[in-house]
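As a basis for the values below, the full set of heavy atoms in this structure was taken, side chains included, without hydrogen atoms, waters or symmetry mates.
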Amino acid sequence: MKNQQKLKKLEVEYDALQKLYGAEDLNSIYNGGDSDHPKVCFIFMNPTGRNIASDKAWKGIRAPWLGTKNIWKLFTEIGLFDPKLMQEIKTKRAKDWDPLFAKEVYQEVAKNHIFITNLGKCTQVDARALKDEVLKSYLALLEQEIDIIKPQMIIAFGNQVSSIFLHQKISVSSCRKKYFEKKIGTKTYKVFPVFYPVGNGTFHYEEAVEDLNEIIATYLDPLEIK
């Protein structure tokens with residue numbers, strides 16, 4: 001609960017950056033899941049208007065991937081999401097999601113001890129690429145998130161997110177299943193760049209699943225799992 005309160009304090013800054021870089025008529029999207037030493041922190045790029053929580057009329061949590069299907073399929077395939085709940089998601093259109101169902105989905109995320117966030121919290125109307133400079137403006141805030149939750153490991157999706165987060169040029173295809181180290185606060189984290197599994201990255205979906213399964217099986221410390 002204390003960590004959730006700390007994370008919530010960052011939302012004011014995310015909303016301010018939405019006014020600079022996001023669509024004027026959409027909400028910024030924050031993060032969600034287990035905020036107390038989760039197994040894995042998953043870092044995606046930035047949200048789009050497909051997320052039902054980006055609607056100004058939305059009254060529920062503002063967490064990544066609400067109202068979508070593909071990412072929940074991915075988490076199910078790597079054993080970090082309930083298959084029965086995935087089946088329910090398959091039957092729902094975006095407009096069928098309500099705040100209660102969104103909360104149920106993220107209770108399942110927390111139950112599996114994962115935390116989902118984006119490098120950029122600025123919601124765009126579509127999936128157009130953001131400039132590096134925009135994503136870099138969120139980096140310090142993301143590092144604060146990670147210092148609050150202190151995950152066992154970090155998965156960074158895609159070349160752009162991985163490169164910005166690690167401060168070096170990253171090509172996921174040349175470092176599959178390998179980790180880089182990044183110090184945040186007093187802790188050094190293993191960071192695994194992985195193919196972006198949706199949108200233009202759908203071509204690499206199966207490789208992403210393969211790599212995630214091996215990374216989780218190899219590097220998660222079972223003694224630390226709650």
Trainee: Quick one: CG on D147 to NZ on K6, what's the gap to the nearest 0.5 Å?
Mentor: 8.5 Å
Trainee: State the NZ-OG distance between K2 and S35, to the nearest 0.5 angstrom.
Mentor: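 Rounded to the nearest 0.5 Å, the NZ-OG separation comes to 12.0 Å.
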Trainee: Of all the heavy-atom pairs spanning A127 and T48, show the shortest one and how long it is.
Mentor: CA-CG2, 3.9 Å
Trainee: I'd like to check V134 versus L17 (side-chain heavy atoms, cut-off strictly below 4.5 Å). Are they in contact?
Mentor: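 Not in contact.
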Trainee: Testing the basics here: between I146 and P151, what is the closest heavy-atom pair and its distance to 0.1 Å?
Mentor: O-CD, 3.8 Å
Trainee: Evaluate the criterion side-chain contact (heavy atoms from CB on, under 4.5 Å) for residue pair I155 and C41; output intermediate values, then yes/no.
Mentor: CA-CA 6 Å; I155 304 292; C41 172; over 6 Å; no
Trainee: Using a 6.0 Å distance limit plus a 45 degree cone around the ring axis, check whether K190 lies over the aromatic ring of Y179.
Mentor: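 The answer is yes, since K190 meets both limits relative to Y179.
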Trainee: Between F75 and F42, does the ring centre distance come in under 6.0 Å?
Mentor: yes
Trainee: So that I know where these two stand, are F192 and Y219 an aromatic pair - ring centroids less than 6.0 Å apart?
Mentor: yes
Trainee: Would you say the side-chain atoms of N159 pair up with the backbone N or O of V172, donor to acceptor, closer than 3.5 Å?
Mentor: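 Pair found, side chain donor or acceptor close to backbone of V172.
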Trainee: Answer whether the closest heavy-atom distance between the side chains of M45 and L130 falls below 4.5 Å.
Mentor: no
Trainee: Using 0.5 Å steps for rounding, measure from the OH atom of Y138 to the CG atom of N118.
Mentor: 10.0 Å
Trainee: Within the distance-only criterion (no hydrogens, no angle test), does the side chain of N112 pair as donor or acceptor with the backbone N or O of I114 below 3.5 angstrom?
Mentor: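 No, the answer is negative, given that no donor and acceptor are paired below the 3.5 Å cut-off.
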Trainee: For the NZ atom on K56, are there more than 12 heavy atoms of other groups (residues, nucleotides or ligands in this structure) within a distance under 6.0 Å?
Mentor: yes
Trainee: Quick check on R176: does its CZ atom have over 12 non-hydrogen neighbours (other residues, nucleotides or ligands) under 6.0 Å away?
Mentor: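 Check passes, neighbour count above 12.
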Trainee: Does L26 belong to the same Ile/Leu/Val/Met/Phe/Trp/Tyr cluster as V12, with side-chain heavy atoms less than 4.5 Å apart forming each link?
Mentor: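 Not linked; separate clusters.
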Trainee: Under the side-chain contact (heavy atoms from CB on, under 4.5 Å) criterion, do V109 and D34 qualify, and how do the steps go?
Mentor: CA-CA 7 Å; V109 171; D34 182 1; over 6 Å; no
Trainee: Restricting to non-hydrogen atoms, name the atom on A102 and the atom on W58 that form the minimum distance, rounded to 0.1 Å.
Mentor: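 For A102 and W58, the tightest heavy-atom pair comes out as CB-CZ2, 3.8 Å.
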Trainee: Taking the side chain as every heavy atom from C-beta outward, state whether L119 and N46 have any atom pair closer than 4.5 Å.
Mentor: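 No, too far: nothing below the 4.5 Å cut-off.
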Trainee: Do the side chain of S163 and the main chain of Q160 share a donor and acceptor less than 3.5 angstrom apart?
Mentor: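 No.
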Trainee: Can you find a heavy atom in the side chain of L7 that is under 4.5 Å from one in the side chain of N31?
Mentor: yes
Trainee: Roughly how far, to the nearest 0.5 Å, is NZ of K177 from CD1 of I215?
Mentor: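 The distance works out to 8.5 Å.
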Trainee: Say whether, by atom type as modelled, one donor and one acceptor occur between the side chain of T68 and the main chain of W65 under 3.5 angstrom.
Mentor: yes
Trainee: Just wondering, are more than 12 heavy atoms of other shown residues or ligands nearer than 6.0 Å to NZ in K92?
Mentor: yes
Trainee: Can you confirm whether L142 sits close enough to K121 that some side-chain heavy atom of one is under 4.5 Å from a side-chain heavy atom of the other?
Mentor: yes
Trainee: Assert yes or no for the condition that the ring centre distance of Y106 to W72 is strictly below 6.0 Å.
Mentor: yes
Trainee: Kindly give the heavy-atom pair with the smallest separation between N27 and D55, and that separation in Å.
Mentor: ND2-O, 3.0 Å
Trainee: Show the nearest heavy-atom pair for residues V125 and A23, with the distance to one decimal.
Mentor: CG2-CB, 3.9 Å
Trainee: Could you walk me through whether K111 and D82 pass the side-chain contact (heavy atoms from CB on, under 4.5 Å) check?
Mentor: CA-CA 10 Å; K111 178 182 174 182; D82 179 23; over 6 Å; no
Trainee: How about F81 and I89: do any of their side-chain heavy atoms sit closer than 4.5 Å?
Mentor: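 Answer yes - side chains close enough.
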Trainee: Side-chain contact test, heavy atoms from C-beta onward, threshold under 4.5 Å: evaluate it for F44 versus P64 and give yes or no.
Mentor: no
Trainee: Shortest non-hydrogen contact from L135 to I164?
Mentor: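 In terms of heavy atoms, the two residues are closest at CB-CD1, 3.7 Å.
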Trainee: So, Q124 side chain and Y21 main chain: donor-acceptor pair closer than 3.5 Å or not?
Mentor: yes
Trainee: How about K103: does its NZ atom have over 12 heavy atoms from other parts shown lying under 6.0 Å from it?
Mentor: no
Trainee: For the CD atom on E24, are there more than 12 heavy atoms of other groups (residues, nucleotides or ligands in this structure) within a distance under 6.0 Å?
Mentor: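 Not more than 12 within 6.0 Å, no.
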Trainee: Donor-acceptor pair, distance only, cut-off 3.5 Å: does the side chain of H37 make one with the backbone of K150?
Mentor: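 At least one qualifying donor-acceptor pair exists.
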Trainee: Does the pair F165 and I170 meet the rule for a side-chain contact (heavy atoms from CB on, under 4.5 Å), with working shown?
Mentor: CA-CA 10 Å; F165 185 67; I170 298 292; over 6 Å; no
Trainee: Enter the distance from K136:NZ to H167:NE2 here, rounded to the nearest 0.5 Å.
Mentor: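 NE2 of H167 is found 9.0 Å from NZ of K136.
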Trainee: To the nearest 0.5 angstrom, please state how far the CZ atom of R62 sits from the CD1 atom of I29.
Mentor: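 Result: 6.5 Å between the selected atoms.
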Trainee: Could you tell me whether a side-chain N or O of N51 sits under 3.5 Å from a main-chain N or O of A63, the two making a donor and an acceptor?
Mentor: yes
Trainee: Does K182 qualify as a cation-pi partner of F180, given the criterion of NZ or CZ under 6.0 Å from the six-membered ring centre and within 45 degrees of its axis?
Mentor: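 Output no; distance or angle outside limits.
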Trainee: Looking at side-chain heavy atoms only, is the closest gap between Y205 and E77 below 4.5 Å?
Mentor: yes
Trainee: Assess K39 against F115: is NZ or CZ under 6.0 Å from the centre of the six-membered ring, and within 45 degrees of the ring's axis?
Mentor: no
Trainee: W97 side chain to L100 main-chain N or O, any donor-acceptor pair under 3.5 Å?
Mentor: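 Checked: no pair found.
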Trainee: Quick check: does any side chain N or O of D96 sit under 3.5 Å from a backbone N or O of R93, one acting as donor and the other as acceptor?
Mentor: yes
Trainee: If only atom types and distance count, is the side chain of E11 paired as donor or acceptor with the main-chain N or O of Y30 below 3.5 Å?
Mentor: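 Checked: no pair found.
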Trainee: Can we say K183 and E143 salt-bridge, meaning some charged N sits less than 4.0 Å from an Asp/Glu carboxylate O?
Mentor: no
